[in-house]
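Below is one structure; the comments refer to it alone.
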There are 2 protein chains.
Amino acid sequence: MDHSKTGTSHSDSLLFLTDEQLRKGIEAMFFAYRGFTADPDRILEGMDYGRAHHRALHFIHRSPGTTVNNLLAILGVTKQSLNRVLRSLIEDGLVESRVGRADKRERHLHLTEKGADLERSLSDAQRARMRAAYRAAGPGAVQGFRHVLEAMMDESARKQYLSLKENSP
Amino acid sequence: MDHSKTGTSHSDSLLFLTDEQLRKGIEAMFFAYRGFTADPDRILEGMDYGRAHHRALHFIHRSPGTTVNNLLAILGVTKQSLNRVLRSLIEDGLVESRVGRADKRERHLHLTEKGADLERSLSDAQRARMRAAYRAAGPGAVQGFRHVLEAMMDESARKQYLSLKENSP
DNA sequence: TTGGAAAGTCAACAAGGCTGACTTAAAACC
DNA sequence: GGTTTTAAGTCAGCCTTGTTGACTTTCCAA
């Protein structure tokens with residue numbers, strides 16, 4: 001297989017896709033993801049919580065009343081892994097677990113006021129960075145950013161991403 | 001603080017930056033990063049290696065002869081953490097560590113043929129996904145994608161990202 | 001020649017993934 | 001009504017990848 005730049009570029013209808021360009025994109029993802037998680041990580045360090053707790057808080061906030069099974073599917077982790085995180089959040093009074101009314105096997109998850117406070121401080125920080133990045137890149141860039149990211153997801157992730165509240169495109 | 005949609009949108013010269021939009025961007029990063037790492041992860045599972053090994057191989061490939069200290073700065077991990085990864089790669093004959101000529105304290109890292117083979121299979125998979133995403137999103141989107149990601153990085157990460165071989169913009 | 005930087009090593013630990021086995025309760029099925 | 005399936009939770013144990021702290025060896029440079 002030929003991995004030189006000419007290998008993909010000359011035979012390709014989209015000439016801009018050199019391996020060089022692709023490598024830059026890959027590295028951009030790597031470095032940007034670090035920035036993306038840096039602010040919440042900073043807030044959480046020192047507390048007993050980590051990135052896993054942040055993710056749980058985010059998706060419970062986004063979809064109040066979601067079930068444990070739902071959350072498992074979204075986060076893509078095992079029940080045991082999530083349970084550890086969820087247990088500490090419930091014990092500390094950040095998350096409330098309510099027995100389902102229609103189906104009593106299910107537990108519906110909600111943030112308490114305290115949980116909502118932490119979630120807000122985390123997402124404020126993350127949104128601030130995202131907002132700054134969007135502003136710096138300009139309106140046109142935002143659409144492209146989202147398009148590429150959506151195309152990069154696995155099928156199942158894309159479905160989860162697109163589901164729930166559909167909003168203005 | 002007001003976190004409703006109107007809180008940021010009405011007083012803002014860039015009207016598209018609603019909290020809703022920002023949340024979508026945040027979730028896009030989360031789901032896309034999973035897709036981004038999925039293919040290499042699949043290749044590495046079963047081998048004794050993980051994502052940390054992939055990262056080391058990538059940056060040694062990109063900058064042959066880089067020193068350990070250099071690599072530490074790029075990867076943003078501790079010496080001990082990298083050392084464990086590097087040791088196994090060297091023991092398995094994927095990476096070669098050469099004593100520096102000018103400064104014999106330094107070790108310069110190179111991929112062996114075997115190491116280059118693995119690196120190639122990993123980056124082939126990752127590039128294929130990136131290429132598909134770029135194609136699906138179209139030429140205009142790629143610029144926007146990169147602009148937003150670059151703006152999202154920390155200062156130090158951005159410098160590292162922009163340094164080394166500068167290529168066609 | 002001495003101080004300090006670069007590299008490596010050892011020990012111990014934590015977060016957050018994983019598998020496998022098992023319980024409980026409730027729903028769904030036949 | 002009895003059986004099977006499902007949702008949740010738990011226990012035990014493992015792995016990877018990150019961390020800190022203490023220490024040694026090498027060797028450059030002031």
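Letters go in sequence order (proteins before strands), and every chain restarts at 1.
- For B:N83 and C:dA7, the shortest distance from a side-chain N or O to OP1 or OP2 is not below 4.0 Å.
- Within the model, atoms NE2 of A:H108 and CZ of A:R98 stand 10.0 Å from one another, a figure rounded to the nearest 0.5 Å.
- Taking CG of B:D41 as the reference point, atom NE2 of B:H54 lies at 9.0 Å (rounded to 0.5 Å).
- Between the CD atom of B:E106 and the P atom of C:dG4 there is a distance of 20 Å, given to the nearest Å.
- A:E91 places its CD atom 13 Å from the C1' atom of D:dG9, with the value rounded to the nearest Å.
- The shortest heavy-atom contact between A:D154 and B:A38 is OD2-CB, 4.0 Å.
- Checking the phosphate oxygens (OP1, OP2) of D:dA8, a side-chain nitrogen or oxygen of A:N69 falls inside 4.0 Å.
- Under the 6.0 Å cut-off for aromatic ring centres, B:F30 and A:F59 qualify, their centroids lying closer than that.
- With rounding to whole Å, B:Y49 atom OH is found 16 Å from D:dC15 atom C1'.
- Atom pair B:L71:CG and C:dG8:C1' shows a separation of 15 Å (rounding to whole Å applied).
- To the nearest 0.5 Å, the span separating CG on A:L71 from NE2 on A:H58 amounts to 10.5 Å.
- A straight line from CD1 of B:I90 to P of C:dA7 spans 12 Å, rounded to a whole angstrom.
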| Using a cut-off of 4.0 Å between protein heavy atoms and nucleotide atoms, how would you tag nucleotides 17-30 of chain C 5' to 3' with B, S and -? | BBBBB----BS---
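- The side chain of A:H53 places an N or O atom within less than 4.0 Å of a non-bridging phosphate oxygen (OP1 or OP2) of C:dG16.
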| request: Verify salt bridge (Lys or Arg N to Asp or Glu O under 4.0 Å) between A:R146 and A:E150, making sure each step is shown before the conclusion. | output: CA-CA 6 Å; A:R146 288 265 296 271; A:E150 282 167 27; 3.6 Å; yes
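- Atom CZ in B:R107 sits about 18 Å away from atom P in C:dA5, given to the nearest Å.
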| task | Apply salt bridge (Lys or Arg N to Asp or Glu O under 4.0 Å) to the pair B:D117 and B:K114, showing each step before the final yes or no. | result | CA-CA 5 Å; B:D117 285 349; B:K114 198 174 157 193; over 6 Å; no
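- When the P atom of D:dA7 is taken as reference, atom CG of A:L86 falls 16 Å away, rounded to whole Å.
- Between B:R98 atom CZ and C:dA7 atom P there is a gap of 16 Å when expressed in whole angstrom units.
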